[in-house]
Amino acid sequence: MTTGFIQQHKRSRHCGAFRDEHVGQQATVYGWVQSYRDHGGVIFVDLRDRTGIVQLRFEPSHGNGTAHAIADKLRTEWVIGARGEVISRGTNINPKIPTGAVEILVDEVTVLNEAKTPPFEIKDEIDTNETTRLTYRYLDLRRPKLSANLALRSRVNQLTRRYFCEDHDFLELETPILAKSTPEGARDYLVPSRVHPGEFYALPQSPQQFKQLFMMSGMDRYMQICRCFRDEDLRADRQPEFTQLDLELSFVDVDEIRTLLDGYVSLIWKAVKGTTVPTPIPSITYQEAMDKYGIDRPDLRFGLPLSDLTEKLAGRATFRVFTDAFERGGIVKALAIPDGSSLTRKDLDKTLPAEAAPFGARGVAWARIAEDGAWSGPVAKGLDDALKTELLAHMEVGPGALILFVADKASVVNASLARLRQVVGDRLGLIDPEMDAFCWVVDFPMFEYDEGAGRWFAMHHPFTSPMDSDVGMLDSDPGKVRAKAYDLVLNGIELGGGSIRIHRSDVQDRVFALLGLDEAERRDKFGFFIDALSFGTPPHGGIALGMDRLMMLLCGADSLRDVIAFPKTQRASDLMTESPSEVSPAQLEELHVRTVVPTPDA
RNA sequence: GGAGUGGUAGUUCAGUCGGUUAGAACGCCGGCCUGUCAAGCCGGAGGCCGCGGGUUCAAGUCCCGUCCACUCCGCCA
């Protein structure tokens with residue numbers, strides 16, 4: 001094993017780059033042994049790097065036979081360098097790989113490093129347990145799919161910087177990672193201070209206040225591809241640290257920000273997928289999204305809107321499930337499927353209720369409309385004929401239809417029907433996997449009331465500006481105030497959201513007051529920020545996009561873990577480095593921290 | 001905090017009603033083989049059945065607990 005080879009022979013090009021046009025050239029390649037096929041005479045070795053695979057050929061009688069003798073000993077994942085002539089494979093081409101028309105007839109080969117047999121094979125088709133993959137993440141990342149995802153991510157980052165910084169006058173500015181803990185929002189990751197005993201920094205949930213301060217500083221347009229941290233429980237599309245494309249602009253209103261983002265996603269989708277995103281991206285109000293789809297991030301790749309039947313059924317339907325819901329102040333909504341024939345009795349009795357149950361639905365009532373117009377199913381006998389006719393007209397369906405009903409309080413009804421709509425859309429093949437349906441969700445309520453806490457909370461965040469027309473209702477009817485907030489949604493996934501911010505301290509004061517923050521708390525948590533507002537703050541607003549989710553959608557991945565180099569598990573641990581871990585008593589001492597770990601009962 | 005699914009060879013899995021020596025495929029090791037590219041043929045090695053209890057003559061299998069991973073609810077301004 002020698003590195004002398006490297007000094008003498010520079011790489012000609014990456015493995016995946018060889019083509020017909022290189023035939024006749026001398027070439028030097030480096031990479032990992034993907035596979036070797038020893039035919040007793042000729043030996044073929046597939047050499048892999050992150051760009052692809054090229055076939056090496058070793059002939060026993062070629063040169064003095066040394067290269068062939070070394071090739072005979074090669075094993076998978078050994079790191080080698082090889083030098084030889086690029087030759088055409090003639091009619092023996094391999095159409096499955098881009099380099100399949102050529103191979104390298106090797107004159108000289110050197111083993112740069114041997115390798116143990118890896119715990120799983122380095123190829124895309126394998127379905128290895130995620131635990132093993134994460135423990136040996138560096139091996140997992142050798143797989144073509146994952147390395148391509150990371151390469152694509154790099155490219156998107158470059159395009160992003162060019163679009164905003166070069167084409168639209170943004171400055172790429174950095175914000176602190178050691179920041180101040182904030183009262184509302186997600187749980188903070190905390191960092192103890194050594195020099196301030198008993199005090200803590202928080203890792204930023206987002207650079208929200210700093211980016212607004214940049215506007216107050218006159219930076220005019222700010223962008224950052226930044227890491228954010230939230231100590232909340234994880235999902236397939238949620239990691240404890242994630243990357244946000246963070247933007248903030250001065251002297252703009254909602255329309256200008258939307259237009260800017262429309263241009264951005266169009267550019268990225270064109271460059272990466274080659275598809276054209278129709279712009280302007282359509283918008284839907286929060287209220288309409290909730291009414292029609294039961295959720296504030298609707299998947300618009302297919303129809304199947306929900307219908308609110310509360311008014312029609314109240315006082316007229318005798319079906320027990322409905323009357324019970326009405327007595328408790330609930331509502332009834334329905335998902336009408338024009339052709340429900342492919343959904344079986346088992347779907348109706350088991351599968352669909354099981355899908356709805358996690359959202360609190362105690363059941364899914366249904367009615368099937370036969371070709372002759374006759375109703376069957378549990379709901380049928382609780383409705384008179386006139387009502388049935390009225391409902392069908394209202395939902396715009398007829399014979400052959402299947403109607404799914406959920407009756408409960410509004411939050412349960414919407415959440416479970418939103419889920420059922422997705423499941424049914426998928427089952428019936430209504431979702432075109434090639435389609436990308438973007439939309440803006442706008443006109444969010446400013447506040448939501450928390451029954452448990454007995455107070456109002458900011459739906460977006462406390463710096464969000466109310467709509468000009470609604471400012472008057474701040475004190476009289478906070479629930480009706482709409483915010484200048486917007487979410488960008490793609491195929492039912494929230495890509496990001498933002499708002500126009502409050503730039504006047506009197507309005508900010510009124511919002512803080514409404515949120516129940518007294519003077520002392522305001523000074524303690526946001527004192528510097530309130531001060532800053534009073535020194536000439538320009539009107540401004542911004543948005544943040546989840547880059548991990550965006551990459552997940554661009555890569556067609558099901559999980560963020562496939563687009564993040566070193567992701568964490570659902571319990572936020574890193575299986576490779578075994579973090580988090582205990583630290584030495586001396587380290588804790590220095591930080592003035594004592595741990596109190598609950599001991600399991602003996 | 002809660003619900004569900006899973007954990008058996010390096011990997012992916014099978015393992016019947018609790019009953020002989022826990023199997024298969026791929027990978028790995030050795031041999032053969034001159035155009036393969038998911039190479040082929042022959043042979044071989046490889047097991048703390050996640051961990052700890054319990055029931056039983058007997059546990060991979062049944063029961064209890066626990067750990068880990070995944071999916072979801074709550075949570076994520």
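Everything quoted here is computed from the prediction, not taken from an experiment.
Listed candidates were B/G35, B/C72, B/C70. Nearest to the side chain of A/P358 is B/C72. Candidate nucleotides B/G35, B/C37, B/U11 were compared by shortest atom distance to the side chain of A/R37, and B/C37 ranks first. Relative to the side chain of A/E232, the nucleotides B/U71, B/C29, B/C76 differ in distance, and B/C76 lies closest. The side chain of A/E121 approaches B/C26 more closely than any other nucleotide in the set B/C26, B/U34, B/U36. Comparing B/C26, B/G35, B/U11 by their closest approach to the side chain of A/F120 singles out B/U11. Picking from B/A39, B/G10, B/C73 the nucleotide with the shortest atom distance to the side chain of A/H39 gives B/A39. The listed nucleotides are B/C76, B/U71, B/C73; the one nearest the side chain of A/F359 is B/C73. Here B/C70 is the nucleotide among B/C75, B/G35, B/C70 with the atom lying nearest to any side-chain atom of A/L134.
Remark: the A/Y222 side chain and the A/D246 side chain contain an N/O donor-acceptor pair separated by less than 3.5 Å.
Judged by a 6.0 Å distance limit and a 45° cone about the ring axis, A/R510 is not positioned over the six-membered ring of A/F512. For A/R230 and A/F242, the positive end is not near the middle of the six-membered ring at less than 6.0 Å and at most 45° from its axis.
At a threshold of 4.0 angstrom between heavy atoms, the contacts of A/R75 are confined to the sugar-phosphate backbone, with no base atom among them. Heavy atoms of A/E125 sit nowhere under 4.0 angstrom from any nucleic acid atom. If you check every strand for non-hydrogen atoms under 4.0 Å, A/Q205 touches nothing. Using a 4.0 Å heavy-atom criterion, one finds that A/F44 contacts the bases of the nucleic acid, with or without backbone contacts as well.
Under the salt bridge (Lys or Arg N to Asp or Glu O under 4.0 Å) criterion, the residue pairs touching residues 38-55 of chain A are A/R37-A/D46, A/R48-A/E77, with sequence neighbours excluded.
Residue side chain A/R235 reaches the base of B/G74 through a donor-acceptor N/O pair under 3.5 Å, judged by distance alone. Contact annotation: side chain of A/R89 to base of B/U36, donor-acceptor pair present below 3.5 Å. No N or O donor and acceptor, one from the side chain of A/R230 and one from the base of B/C76, sit under 3.5 Å apart. For B/G6, its base never sits under 3.5 Å from the side chain of A/E130 at any donor and acceptor pair. Taking only distance into account, the side chain of A/N129 never meets the base of B/G7 through a donor-acceptor pair shorter than 3.5 Å.
Checking the phosphate oxygens (OP1, OP2) of B/U11, no side-chain nitrogen or oxygen of A/T128 falls inside 4.0 Å. For A/S573, a side-chain nitrogen or oxygen approaches OP1 or OP2 of B/A69 to under 4.0 Å. Close to B/U71, at under 4.0 Å from its OP1 or OP2, lies a side-chain N or O of A/R561. The phosphate of B/C68 (OP1 or OP2) has a side-chain N or O of A/R571 nearer than 4.0 angstrom. The phosphate of B/C26 (OP1 or OP2) has no side-chain N or O of A/K123 nearer than 4.0 angstrom. A close approach under 4.0 Å does not occur between any side-chain nitrogen or oxygen of A/T76 and OP1 or OP2 of B/G27.
Summary of the strand contacts: A/Q570 and A/H461 both lie near RNA chain B, and taking for each the nucleotide with the nearest heavy atom, the more 5' one is attributed to A/Q570.
The separation of B/C67 from B/G15, taken at their P atoms, amounts to 28 Å, rounded to a whole angstrom.
In this structure, A/I122 places its CD1 atom 14 Å from C1' of B/C26, rounding to the nearest Å.
Within a 6.0 Å sphere centred on OH of A/Y189, heavy atoms belonging to other residues, nucleotides or ligands number more than 12.
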